[in-house]
Amino acid sequence: MELLIPGLILVALMVYASTKIKKSAAAAFEPETIETDEFLVEKPEGFLNVLNHDPALELDMYSRDFGVENTADIKQARIELRHFRVCKMSEAIAMIKEKAEIKSDIAEVINERKYRLIEAERIEKGIGFRNIYKLTEKGADVFELRAIVLEDASEEIAQKAEAIVLSFTVK
């Protein structure tokens with residue numbers, strides 16, 4: 001009997017903590033605007049912004065959902081932002097051409113800044129990926145946002161990844 005009351009209190013605390021953890025984990029996948037001094041991007045529902053990411057990346061996100069069958073251990077979509085210092089747009093595009101086959105290359109202007117929207121395909125270890133890049137120059141630097149989408153990703157995830165890329169702007 002002496003252990004019953006402390007045991008019940010412990011169970012109640014564990015249930016409370018578990019509920020809080022689940023709520024905060026679910027909130028991490030909610031839509032949000034990510035804005036820094038350098039850029040702005042819209043994160044849709046179902047994607048997680050990794051806070052302790054690789055220092056080589058300015059931004060790292062991934063979808064909640066994994067692939068199926070032979071891609072069951074790979075996220076359906078991943079978003080990466082790289083900031084290449086002292087780099088020209090032509091050099092950044094040459095790096096893309098080394099890694100993937102370019103399918104389309106569109107120039108656009110947003111708020112008087114020139115962007116390149118490039119779609120490419122690559123195969124890695126027998127798995128097909130669609131890469132969508134958005135690049136822009138700022139001074140002597142290049143910002144490259146890349147969405148890496150599994151070839152067999154759901155249409156919803158592919159559209160959300162594309163929307164992330166399209167929402168990306170550099171200040």
Side-chain angles (χ1 to χ4, degrees), residues 24-67 74-124 127-171:
S24 83
F29 285 98
E30 291 298 314
E32 68 177 301
T33 299
I34 300 168
E35 184 171 6
T36 70
D37 294 339
E38 303 256 329
F39 66 88
L40 175 91
V41 69
E42 297 292 331
K43 179 185 78 76
E45 185 273 328
F47 278 78
L48 177 77
N49 178 22
V50 180
L51 297 178
N52 296 323
H53 53 75
D54 179 346
L57 300 174
E58 297 288 318
L59 177 72
D60 188 10
M61 284 189 241
Y62 59 80
S63 66
R64 176 184 343 205
D65 301 326
F66 286 90
I74 302 171
K75 295 288 186 178
Q76 285 192 28
R78 181 163 206 98
I79 310 295
E80 299 175 343
L81 174 61
R82 287 184 175 17
H83 181 175
F84 297 111
R85 288 168 174 53
V86 190
C87 181
K88 293 185 180 349
M89 181 76 77
S90 59
E91 295 168 332
I93 293 171
M95 288 188 278
I96 293 170
K97 286 179 180 178
E98 289 175 11
K99 299 176 196 170
E101 180 185 347
I102 293 180
K103 296 294 183 182
S104 69
D105 184 352
I106 300 168
E108 63 181 8
V109 178
I110 301 171
N111 296 331
E112 299 179 24
R113 182 177 299 279
K114 295 178 182 176
Y115 291 88
R116 295 282 289 275
L117 193 58
I118 297 173
E119 188 169 337
E121 292 178 351
R122 71 180 171 89
I123 296 175
E124 186 177 308
I127 299 170
F129 294 91
R130 176 178 167 225
N131 292 333
I132 309 163
Y133 297 86
K134 190 169 187 179
L135 299 103
T136 190
E137 290 178 314
K138 182 178 181 183
D141 300 349
V142 170
F143 286 85
E144 174 196 270
L145 183 78
R146 174 173 67 151
I148 307 154
V149 183
L150 277 174
E151 193 175 66
D152 65 356
S154 72
E155 186 65 30
E156 178 186 9
I157 295 294
Q159 287 175 352
K160 286 181 178 183
E162 194 170 322
I164 292 169
V165 172
L166 294 175
S167 75
F168 172 68
T169 56
V170 171
K171 296 180 180 177

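All values below were derived from every heavy atom in this structure, side-chain atoms included, with hydrogens, water molecules and symmetry-related copies excluded. Just so you know, these numbers come straight off a predicted model, no measurement behind them.
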> side-chain contact (heavy atoms from CB on, under 4.5 Å) with I79: which of V149, I164, V41, V50?
Replying inline: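 For I79, the side-chain contact (heavy atoms from CB on, under 4.5 Å) test succeeds with only one of V149, I164, V41, V50, which is I164.
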>> Using every non-hydrogen atom in the two residues, find where V142 and C87 come nearest and quote the distance to one decimal.
In response: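 Answer, listing the atom of V142 first, then C87: CG2-O, 3.3 Å.
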Do [X] and [Y] have side chains that get closer than 4.5 Å, going by heavy atoms?
X	Y	answer
E38	E58	no
E121	F129	no
E151	I127	no
Y133	E144	yes
R130	E162	yes
R113	T169	no
Y115	V170	yes
L59	L145	yes

Atom [atom1] of [X] and atom [atom2] of [Y]: how far apart are they, to the nearest 0.5 Å?
X	Y	atom1	atom2	result
F143	R85	CZ	CZ	7.0 Å
L117	T136	CG	OG1	11.5 Å
D60	R82	CG	CZ	9.0 Å
R122	E101	CZ	CD	13.5 Å

> What do the steps show when you test F84 against E91 for side-chain contact (heavy atoms from CB on, under 4.5 Å), and what is the final call?
Replying inline: CA-CA 10 Å; F84 297 111; E91 295 168 332; over 6 Å; no
Checking [X] side chain against [Y] main chain: does a donor-acceptor pair fall under 3.5 Å?
X	Y	value
K160	E45	yes
E137	M89	yes
K134	F168	yes
K75	L150	no

> Is the number of heavy atoms from other residues, nucleotides or ligands under 6.0 Å of K97 NZ greater than 12?
Replying inline: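 Incorrect, the count does not exceed 12.
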>> Quick check on D54: does its CG atom have over 12 non-hydrogen neighbours (other residues, nucleotides or ligands) under 6.0 Å away?
In response: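 Atom CG in D54 is crowded, with more than 12 foreign heavy atoms closer than 6.0 Å.
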>> For L135 and I96: C-alpha separation, side-chain torsions, deciding distance, then whether side-chain contact (heavy atoms from CB on, under 4.5 Å) applies.
In response: CA-CA 11 Å; L135 299 103; I96 293 170; 3.9 Å; yes
>> So that I can tick it off, tell me whether K103 and E119 are bridged by a salt bridge, with the cut-off set at under 4.0 angstrom between side-chain N and carboxylate O.
In response: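 Judged by the 4.0 Å cut-off on N to carboxylate O distance, E119 and K103 do not form a salt bridge.
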> Salt bridge check: are E124 and K99 linked by an N-O gap of less than 4.0 Å?
Replying inline: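 So E124 does not pair with K99 through a salt bridge.
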> Just checking, K171 and F39: is the charged tip under 6.0 Å from the six-membered ring centre and within 45° of the axis?
Replying inline: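 Verdict for F39: no cation-pi partner in K171.
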>> The test is side-chain contact (heavy atoms from CB on, under 4.5 Å); show your working for I118 and N131 and say whether it passes.
In response: CA-CA 8 Å; I118 297 173; N131 292 333; over 6 Å; no
> Going through the distances and angles, do K43 and L48 end up as a side-chain contact (heavy atoms from CB on, under 4.5 Å)?
Replying inline: CA-CA 8 Å; K43 179 185 78 76; L48 177 77; 6.0 Å; no
